[in-house]
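Okay, structure first, notes after.
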Amino acid sequence: MFPDRPACEADAEAIEELVKLMERRQGTRQNLAVPAGFTYLGQFIDHDLTFDPTPVAATQRDPRALVDFRTPRLDLDSVYGFGPAAQPFLYDWKESAPPGTRLLVGHNAVDATDDLPRNQQGRALIGDARNDENVIVAQLHLLFIRFHNAVVDHLVCRGTPDGELFEKARRIVRRHYQWIVVNEFLPKVVGTETANRVLAPAGDGTAPTIRREFFKWQREPFVPVEFSGAAYRFGHSMVRNDYGIKRLPPSGSGRPAIPLFPDLAGFTWLAQEHVIDWERFFELDRRAPQASSAIDTAIAPPLFNLPEGDPKLPRRNLLRGRRLGLPSGQEVACAMHAPALAEEELRVDKTVEPLAREVLLRSTPLWYYILCEAERKGHSEDRGPEGRHLGPVGGRIVAEVLVGLLEGDPSSYLSEEPSWRPGELDTGDDFTMAMLVTFARRAAIGSSRHAARARR
Ligand code: HEM
């Protein structure tokens, strides 16, 4: 987005000091305005858009030479892969009719718990392996599989010809997902004001107005490194230490929360005790779901202790940003004509080694800067101090890229039919994650009946 800006000056030593500072900063705060499910929807969206599997040390310095292993579109290629003809193993050819129109649901071999389809070693057979990284994002992936299957059921009831079922269902699923991304997820994480500035809501039957100032492309849209290497990694700060998984009893607090790692780590069969009641993650009933962690510079301890590779995720983020040659937060703020944060707002205190401190205050790595900005400026009048979202620089990058990728995708609803609103699933003219869960449950019921038959 800002190719002419110089790279951030923080070297490996300064980055190490910053990682230590972040690790010392204990005590994550809750963000009551954003239910915990949106953290993992954020992770799921990331895995739909961008994948750079190269080790940090081998990252190309020239962003134009990077390869994105996902399509830069909100098209759910992480769920559908290249479709039933090219990746038939993702689809159900035997247990539902017509063959190849529904996505395959797996079953745990121990007690037939519904799960992602897996190979004999427990690794998920899905369009993007990262959607099995923890049991929450894995079950979100399963939720989208079920949502697709429920949409197929709905179309069958409406008499849709067999030959049109898959394409019609995929199109409906994609549109509803895209709607949720820009109309529910985006305002929550960037704030309503920034979201509306980039995508001004439409009136009745009219198209929304889009304003992109900084994310531009010439031939085809792409995922900018400022987004994948820094701004969109804001979600790491929304992760909690532990999660309540099961529905709460009518009174009392229910079972104790479960630590994220190692307990909720993925890449293996789903145990019945980890099956999620989605009421704990999205607003499905009158009891509020658990909150996400506030977007700020306090990162939950499990992310300093990852089960695979370098255990410290903040170090991976900061080193990746350095290898990519990302500009500093101050440079990006200047390029966006936003006032830069003051030194004291960067919270690099005197426990940091003086030379490192001096460079970090002058030229702050973009990921850290964006978290500071959320901490300082990410409040809304209507949400109160605990309702944190990204600040002006981070929020604008995230909003312009998500909306821009939708605008630049010739098959998205914003390109094909900008005035489109949900409706074809009989859910009214809005659609939210809570509605998606409710709709997908129809397919879950069908699938449990099938599992019961299989057990008999
Ligand atoms: C338990 C939660 C999560 C874990 C354990 C996790 C872990 C990771 C790891 C290990 C990487 C690769 C780091 C590297 O080598 O550069 C990564 C990348 C990334 N993560 Fe997360 N993440 C989590 C949640 C999230 C969330 C909630 C978001 C956003 C809302 C997010 C956004 C990203 C982005 C944008 C990348 C770069 C992707 C790419 O271009 O390949 N992550 N994450």
Side-chain angles (χ1 to χ4, degrees), residues 15 19 28 31 34-60 63 66-72 78 128-141 181 185-186 188-190 222-243 258-267 281 292-295 299-324 326 365-367 370-371 374 389-390 394-395 397-399 401-402 405:
I15 284 176
V19 174
T28 50
N31 185 356
V34 183
F38 289 96
T39 308
Y40 294 89
L41 179 64
Q43 189 179 22
F44 180 85
I45 294 169
D46 166 46
H47 297 168
D48 185 17
L49 288 179
T50 162
F51 186 22
D52 179 2
T54 44
V56 173
T59 301
Q60 299 270 3
L66 293 181
V67 177
D68 185 354
F69 283 71
R70 294 263 73 83
T71 54
S78 53
D128 190 311
R130 294 170 301 167
N131 279 349
D132 193 25
E133 188 268 336
N134 61 73
V135 304
I136 309 172
V137 76
Q139 289 180 75
L140 197 63
H141 190 109
V181 173
F185 174 78
L186 194 59
K188 282 196 184 335
V189 300
V190 306
F222 58 94
V223 175
V225 284
E226 293 83 352
F227 177 90
S228 63
Y232 199 73
R233 297 189 187 214
F234 74 91
H236 292 160
S237 124
M238 292 170 74
V239 173
R240 297 167 55 106
N241 290 330
D242 48 29
Y243 289 90
I258 306 178
L260 178 60
F261 295 131
D263 303 50
L264 299 180
F267 301 132
F281 288 83
S292 58
S293 185
I295 306 174
I299 303 293
L303 297 187
F304 286 93
N305 199 15
L306 292 183
E308 282 182 5
D310 181 345
K312 295 188 199 295
L313 187 52
R315 180 160 58 206
R316 288 205 211 178
N317 289 340
L318 292 164
L319 287 179
R320 180 77 69 183
R322 178 171 150 73
R323 292 291 308 184
L324 289 168
L326 294 184
L366 187 57
W367 176 65
I370 278 164
L371 297 182
H389 51 70
L390 290 164
I397 295 177
V398 167
V401 172
L402 289 180
L405 291 179

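Read the numbers this way: they start at 1 and go in the same order the structure lists the ligands and their atoms. From a predicted model like this one, the values you see are computed outputs, not experimental measurements.
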Determine the sole option in V135, L264, I258 for which the side chain to side chain contact (heavy atoms under 4.5 Å, CB included) test with Y243 is passed. L264

Below 4.0 Å from ligand 1: does a non-hydrogen atom of H236 turn up there or not? yes

Quick one: closest heavy-atom pair of V34 and K188, and the distance? CG2-O, 3.9 Å

Qualifying residues under ring pair (Phe, Tyr, Trp, His ring centres under 6.0 Å), relative to F267, sequence neighbours excluded: none

Output the list of atoms in ligand 1 that are nearer than 4.0 Å to some heavy atom of S228, sorted by atom number. 35 (C), 37 (C), 40 (O)

Which residues satisfy the side-chain hydrogen bond (donor to acceptor under 3.5 Å, both in side chains) test with D132, sequence neighbours excluded? R118

In ligand 1, which numbered atoms sit nearer than 4.0 Å to a non-hydrogen atom of D46? 19 (C), 20 (N), 32 (C), 33 (C), 34 (C), 35 (C), 36 (C), 38 (C)

Side-chain donor/acceptor of R233 to backbone N/O of S228, under 3.5 Å: yes

Per-atom contacts of ligand 1 with L260, taking only distances under 4.0 Å to non-hydrogen atoms: 1 (C)

Closest to atom 30 (C) of ligand 1 (heavy atoms only, candidates A265, G321, G235) is G235

Report yes or no: is the cationic atom of K312 (NZ for Lys, CZ for Arg) closer than 6.0 Å to the six-membered ring centre of F304, at no more than 45° off its axis? no

Per atom 2 (C) of ligand 1, closest listed option by heavy atom (L41, V239, L318, N317): V239

Below 4.0 Å, non-hydrogen atoms only: which portion of V223 touches ligand 1? Side chain, backbone, both or neither. neither

Here the atoms of ligand 1 under 4.0 Å from any heavy atom belonging to R130 are 41 (O)

Close N or O approach (R233, ligand 1; < 3.5 Å): yes

Does T50, backbone or side chain, put an N or O under 3.5 Å from an N or O of ligand 1? yes

Check whether any side-chain N or O of S292 sits under 3.5 Å from a backbone N or O of R240 as a donor-acceptor pair, and report yes or no. no

Evaluate T39 for polar contact with ligand 1, using N/O atom pairs at a separation under 3.5 Å. no

Is there a donor in the side chain of Q43 and an acceptor in the side chain of N134, or the other way round, less than 3.5 Å apart? yes

Pick one of side chain, backbone, both or neither for how M238 approaches ligand 1, counting any non-hydrogen atom pair under 4.0 Å. neither

